[in-house]
Amino acid sequence: MPQDLAVDLVGIAEIAQRLGVSYATVVAWRYRHRRQPRPPWQPFPSPIKTFGRSPVFNWAEVQAWAKATGRL
């Protein structure tokens, strides 16, 4: 596979580990859009696929979100 097509896929546990937070924190970030968020608010990236009940995310999207929201 060409390098530019490679996607770093991560689950919730991997996101928590890479960002240095708990699994529960990542789950809370995913569902925060259901409450009245304070600006500047950006929704957590959507999973690119779900395997069973486990969502899988593109790490580049999660990393960009974390930087934009001051979490990284």
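Keep in mind that this is a model prediction, so the values were computed, not measured.
Residue pairs meeting the side-chain hydrogen bond (donor to acceptor under 3.5 Å, both in side chains) criterion with at least one partner in residues 51-62, sequence neighbours excluded, are absent. Identified under the salt bridge (Lys or Arg N to Asp or Glu O under 4.0 Å) test for residues 6-25, with sequence neighbours left out: D8-R18.
In this structure, F44 has its ring center no closer than 6.0 Å to that of Y31.
Residues passing the side-chain contact (heavy atoms from CB on, under 4.5 Å) test with V56 are L9, F51, sequence neighbours excluded.
Formation of a donor-acceptor pair under 3.5 Å by the T25 side chain with backbone atoms of V21 is not found in this model.
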(request) Determine, step by step, whether K49 and F57 satisfy the side chain to side chain contact (heavy atoms under 4.5 Å, CB included) criterion, reporting the C-alpha distance in whole Å, the side-chain angles of both residues, the deciding distance to 0.1 Å, and the verdict. (result) CA-CA 7 Å; K49 187 79 175 163; F57 302 86; over 6 Å; no
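Here the closest non-hydrogen pair linking P55 and I12 is CG-CD1, 3.8 Å.
Atom CH2 of residue W65 and atom CZ of residue R71 lie 4.0 Å apart, to the nearest 0.5 angstrom. In this structure, OG on S46 lies 8.5 Å from CZ on R30, to the nearest 0.5 angstrom.
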